[in-house]
Amino acid sequence: MENKNYQLNSHVTMKKGHPCGANEWEIIRLGADIKMKCCNCGRTIMIPRIEFNKKLKRVIKNEDV
């Protein structure tokens, strides 16, 4: 399994887009679950880290905290 380099406040794209039409997400919480916010509509979702790693397409940019 490839380890993607993401951290808090990173912007990522997922394999499947959000129903609002955007495909860019911002990571706002890391842990066993990962909480992401849609960069277009602001909706937040929480998914398990294992599922997140499977659905992650690429990391757009990392923000240094």
Side-chain angles (χ1 to χ4, degrees):
M1 183 168 117
E2 182 182 338
N3 187 8
K4 305 283 184 175
N5 188 18
Y6 53 85
Q7 57 193 7
L8 198 61
N9 298 325
S10 293
H11 286 242
V12 297
T13 57
M14 304 302 279
K15 290 182 181 174
K16 196 171 187 181
H18 192 242
C20 74
N23 199 16
E24 186 175 340
W25 298 85
E26 179 183 359
I27 298 174
I28 56 176
R29 181 186 178 275
L30 289 173
D33 295 328
I34 294 181
K35 190 172 188 178
M36 304 184 303
K37 181 174 81 169
C38 179
C39 291
N40 187 34
C41 67
R43 170 81 75 171
T44 59
I45 62 166
M46 213 166 178
I47 60 174
R49 185 181 287 264
I50 294 171
E51 187 178 332
F52 175 82
N53 287 332
K54 288 179 187 175
K55 294 182 176 184
L56 179 65
K57 190 172 184 179
R58 70 186 174 111
V59 177
I60 298 173
K61 64 179 179 177
N62 283 324
E63 301 272 336
D64 291 333
V65 178

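Given the structure is predicted, the values throughout are model-derived calculations rather than measurements.
Both Val12 and Ile47 belong to a common hydrophobic cluster when Ile, Leu, Val, Met, Phe, Trp and Tyr are linked at side-chain heavy-atom distances under 4.5 angstrom. Under a hydrophobic-cluster definition in which Ile, Leu, Val, Met, Phe, Trp and Tyr are linked whenever side-chain heavy atoms come within less than 4.5 Å, directly or via other members, Leu30 and Ile45 are assigned to the same cluster.
Of the residues Lys35, Arg43, His18, the one that meets the side-chain contact (heavy atoms from CB on, under 4.5 Å) test with Trp25 is His18.
In the displayed structure, Ile28 atom CD1 is contacted under 6.0 Å by more than 12 heavy atoms of other residues, nucleotides or ligands.
Here the closest heavy-atom approach between residue Tyr6 and residue Leu56 is recorded as CD2-CD2, 3.9 Å.
The NZ atom of Lys54 sits 12.0 Å away from the CE atom of Met14 when rounded to the nearest 0.5 Å. Rounding to the nearest 0.5 Å gives a distance of 8.0 Å between OG1 of Thr13 and CD of Glu24. Between atom NZ of residue Lys16 and atom CG of residue Asn23 there is a gap of 11.5 Å, rounded to the nearest 0.5 Å. Remark: Met46 CE to Asp33 CG distance equals 4.5 Å, nearest 0.5 Å.
Annotation: side chain of Glu26 is in contact with side chain of Asn9 (closest heavy-atom distance under 4.5 Å).
Judged by distance alone, with hydrogens and angles left aside, the side-chain atoms of Arg49 form no donor-acceptor pair with the main-chain N or O of Ile34 at under 3.5 Å.
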